> 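I am attaching a structure below and will ask some questions about it afterwards.
Numbering of ligands and ligand atoms starts at 1, following listing order. One-based numbering along the sequence shown. Everything numeric here is computed off the predicted structure, so don't read it as measured data. Values below: all heavy atoms of this structure, side chains included; hydrogens, waters and symmetry mates excluded.
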Amino acid sequence: MQPKYTINELKKRLQLGQHKMTPQRKVVLEVFLDNENAHLSAEDVRGMLRDRDSDIGLATVYRALELMCDLGILQKMDFGDGCSRYELNLTEPNAHQHHHLICRGCGKVFEFSDDLMDELEDTIAEKCKFKILDHQVKFFGYCEECQ
Ligand SMILES: [Zn+2]
Ligand SMILES: [Zn+2]
Ligand SMILES: [Zn+2]
């Protein structure tokens, strides 16, 4: 079961990090709460805010996103197209991140939640004496529609 955030829980997390829930931060977070499995760039977020009649500058959106990343509320990813995307961090504290499948045709990002990396992780741990905490795995290719 994935924990589902509410705006009040997020407000508490901001306060724990000595930050206030400003109106701008609130609307940015609401975009993510309404699109739980979306991977959004700062531009995407600004566009969605415009649709909701809140015109917030890109720099402000960007600062809010970076702060949420620092607090662990959002996760930042780079899918190789030169713009960072953000998603709600729903990964449980000790679990590993889901994998991402990125379509080179339409740019859509799909999630794959089975880890399937246990064997590789064991091999790395043994051969490199490296304790793995998490990983980011990206697969590039073409989705069913773009093939
Ligand atoms: Zn893993
Ligand atoms: Zn596609
Ligand atoms: Zn994801």
> With the Zn ion (ligand 1) as the point of reference, which N/O/S atom of H96 is the closest?
ND1

> If you look at E121, which of its N/O/S atoms is nearest to the Zn ion (ligand 1)?
OE2

> The Zn ion (ligand 3) is nearest to which N, O or S atom of E111?
OE2

> Counting N and O atoms only, with roles assigned by atom type, does the side chain of N89 sit under 3.5 Å from a partner on the main chain of Q75, one being a donor and the other an acceptor?
no

> With carbon and hydrogen excluded and only N/O/S kept, which atom of H100 is nearest the Zn ion (ligand 3)?
NE2

> To the closest 0.5 Å, what do you measure between CZ (R13) and CE (M21)?
11.0 Å

> Backbone or side chain, does D115 get an N/O/S atom under 2.8 Å to the Zn ion (ligand 1)?
yes

> Relative to the ring of H99, is the ring of H135 parallel (under 30°), tilted (30 to 60°) or perpendicular (over 60°)?
tilted

> Without hydrogens or angle criteria, can the side chains of H96 and D115 be said to hold a donor-acceptor pair below 3.5 Å?
yes

> Could you identify the N, O or S atom of H39 positioned closest to the Zn ion (ligand 3)?
NE2

> Tell me the angle that OE2 of E87 and NE2 of H98 form around the Zn ion (ligand 3), rounded to 10°.
90°

> For the OG atom of S84 and the CD atom of E43, what is their distance to the nearest 0.5 Å?
12.0 Å

> Please state the angle at the Zn ion (ligand 2) spanned by SG of C146 and SG of C143: what is it, rounded to 10 degrees?
100°

> For the residue pair E87 and H98, confirm or rule out a side-chain donor-acceptor distance under 3.5 Å.
yes

